[in-house]
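This report concerns only the one structure given below.
Throughout, numbering of the chain's residues begins at 1 and tracks the sequence.
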Amino acid sequence: MPARSSQIARRALRLLVGTLGCRALGFARMLLMAFYFGGRGATDVFFVAYLIPNLFRRALGEEVVESAFLPVFRSMLARGERPAAWRTALVVLKWFVLLLLAGALLCFLFAPQLVNWILAPGFDAEMASDAIWLGRLMVPFMIVIGLAAFTGALLLAHDRPLSYSLCPILFNVGWIGGMVLFHRSLGMTSLAVGVLAGGVLYLLATLVALAVAGRQGALSVEIDGPVGWKDGYARAAFRAAVPVGLAAVIARAAGAVDCAVASTLPEGAVSALRYALPLILLPFALFGLSVGRAALVPLSEYAGQGDLDRFESATGQAIHLGLLVLVPLSVGTVLLAGPLAGVFQSGQFEEAEARLLTIAVAYYALSLVGMGFVSIFSRAMYALKDTWTPLKASAVALFANAVLSILLARTRLAHGGIAAATAIAMTFQAILLFLVLKRVLRQNGADVGFGDAWRSAIRIVAGTVIMVGPTLAALAGFDALIVSPHLVVRILRVAVPALAGGTAYGLVMLVLDRKGLQALIRA
């Protein structure tokens, strides 16, 4: 168990390094965007336009590649079938490029229908027209980012998690560069230019990382025959990709539902929700997403070998680590929602927008735990070659999210109700996936206890409760001692209470859950 725990924790922390850098730059990008363009009107338009290439991005990018192709490719490598694995990879790549081109063409042609009927039915004619134009301009991003996802998966398959996690940083570099250089001359169009530039830099970074891995001997391409358009393992990957892709569309559709409902609310609701998401994804990426991705490689190997006891043990470790970090992060983000929103309050982003953002952040933060475990349990099901269960769970969660969003948005919660609906739906989806995974493992004779992962939950909740006091005390003390609108002060108003609460939580867990902390230290 210690070796298995260390394996997943080590991968998770290596993925965390680059992911943290990427999210930090993403946070800086959003700050600049708020400063230059504010949080109403024009930004509402951009966020809707950005959904056009992103609506199908994961269906033809990260999700399909990581969850359908990667398990097949990694299993073949584990069995020593390297030439066949690379032939399969090239066949998949040929079909993948065709799908990306077809998807981009459809998004370009049907952009008006996407905006007017699905993404922003509440927009007036001028806002809708601007969103359609910007969305079409960004359509090529879907092709570039899809290819980057494929090359990135090859890095992950060859145990290069650090390189894999560092490459996306270039995406934010390109976006920030485009915005800074052209915001005066191009206005909102500078954001689209930045998106395209960032996608190209991201793809180039993965290609360079693959070349470096090849020179270091960590990656070697071997092909045992001609590469055509047909391959048995490639067909298996594409069969798995169908439900995975549909599940990814459904997951992305949840954001589209939020956007569509918010477009019927007063101006600024769309921007508040879209600004809030990166703030939530930052702590999520710190651990939830990293644990899910780090667990995918060993889970795929154990499932391919038929070793379900090791599979169950690795899943239990992922659950334990997820609880250890995501529970306090969720509570801490709720407590610091106001200071987080206050960081954005400068330039064109005014106090009214900050109030809207505070509400969105607080309610979205409640989805962190559910979001993390959906990532873990979905990848566990994919490793078992069950791609339909996550699809069904996603469909049920999407329906719940849509109904709850419409209902809660009509209450006093307004756009906060939309964020709350997302949190409820994500938690429900995680529970469904866990119950099915547990049943599948039990039916196949595995000892389903997931170690002491769930028993540790009580200790983690206790540590989180204790964390609340120091966090609020540090926030109150900071406000009493320092009053300044400077950006550094606003960031410190988040960092100081977060550090106080995090330190208190770490010390408590050192006593209550030393085993979980040791898993991270061993990495």
Side-chain angles (χ1 to χ4, degrees), residues 22 26 29-30 33 42-66 96-120 123 127-152 167-168 170-179 182 186 188-204 206 244-260 263 270-271 273-275 277-278 281:
C22 183
R29 181 195 77 214
M30 298 301 286
M33 183 175 168
T43 51
D44 287 352
V45 168
F46 171 77
F47 283 125
V48 168
Y50 187 52
L51 278 173
I52 293 176
N54 268 297
L55 191 60
F56 300 102
R57 165 187 162 184
R58 292 191 183 277
L60 296 174
E62 294 101 320
E63 291 294 329
V64 164
V65 171
E66 290 182 11
F96 187 50
V97 171
L98 287 180
L99 288 173
L100 287 172
L101 291 171
L105 179 62
L106 290 174
C107 284
F108 185 88
L109 293 176
F110 293 99
Q113 289 76 15
L114 284 172
V115 171
N116 292 315
W117 298 352
I118 298 175
L119 300 178
F123 275 7
M127 292 177 71
S129 177
D130 290 343
I132 293 166
W133 184 82
L134 274 179
R136 281 176 163 168
L137 184 62
M138 289 185 285
V139 160
F141 170 71
M142 187 170 71
I143 300 173
V144 175
I145 208 68
L147 294 174
F150 185 86
T151 51
C167 290
L170 274 295
F171 169 62
N172 284 308
V173 170
W175 189 333
I176 291 173
M179 182 167 49
F182 302 112
L186 298 180
M188 293 297 293
T189 306
S190 65
L191 294 174
V193 172
V195 167
L196 295 173
V200 171
L201 289 177
Y202 180 11
L203 175 58
L204 291 175
T206 60
V244 173
L246 290 174
V249 170
I250 289 172
R252 183 62 68 177
V257 168
D258 291 357
C259 195
S263 73
V270 171
S271 292
L273 293 173
R274 304 313 295 181
Y275 274 122
L277 275 177
L281 291 175

For a quick test of reading the model, state the closest non-hydrogen atom pair linking [X] to [Y] and the distance between them.
{"X": "A260", "Y": "I118", "answer": "CB-O, 3.1 Å"}
{"X": "A49", "Y": "P53", "answer": "O-CD, 3.3 Å"}
{"X": "A192", "Y": "L137", "answer": "CB-CD2, 3.6 Å"}
{"X": "V144", "Y": "G199", "answer": "CG1-O, 3.0 Å"}
{"X": "R29", "Y": "M179", "answer": "O-CE, 3.5 Å"}
{"X": "N116", "Y": "A128", "answer": "OD1-CB, 3.4 Å"}

*Flag side-chain contact, heavy atom, 4.5 Å: W133 against M188*: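 No, side chains not in contact.
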_Residues that D44 engages under side chain to side chain donor-acceptor pair (under 3.5 Å), provided they are two or more places apart_ =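 Applying side chain to side chain donor-acceptor pair (under 3.5 Å) to D44 gives S271.
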_Quick check on the 6.0 Å ring-centre criterion: do F141 and F171 meet it?_
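Ring centres of F171 and F141 closer than 6.0 Å.
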Atom [atom1] of [X] and atom [atom2] of [Y]: how far apart are they, to the nearest 0.5 Å?
{"X": "T43", "Y": "M33", "atom1": "OG1", "atom2": "CE", "result": "5.5 Å"}
{"X": "C259", "Y": "L273", "atom1": "SG", "atom2": "CG", "result": "8.0 Å"}
{"X": "N54", "Y": "I145", "atom1": "CG", "atom2": "CD1", "result": "8.5 Å"}
{"X": "L147", "Y": "L204", "atom1": "CG", "atom2": "CG", "result": "11.0 Å"}
{"X": "L191", "Y": "F47", "atom1": "CG", "atom2": "CZ", "result": "8.5 Å"}
{"X": "L134", "Y": "I52", "atom1": "CG", "atom2": "CD1", "result": "8.5 Å"}

Residues 96-113, side-chain donor-acceptor partners within the protein, below 3.5 Å, at least two apart:
none

*Determine the interplanar angle of the W175 and F46 rings, folded into 0 to 90°, and report it as parallel if under 30°, tilted if 30 to 60°, perpendicular if over 60°.*
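Plane angle over 60°, so perpendicular.
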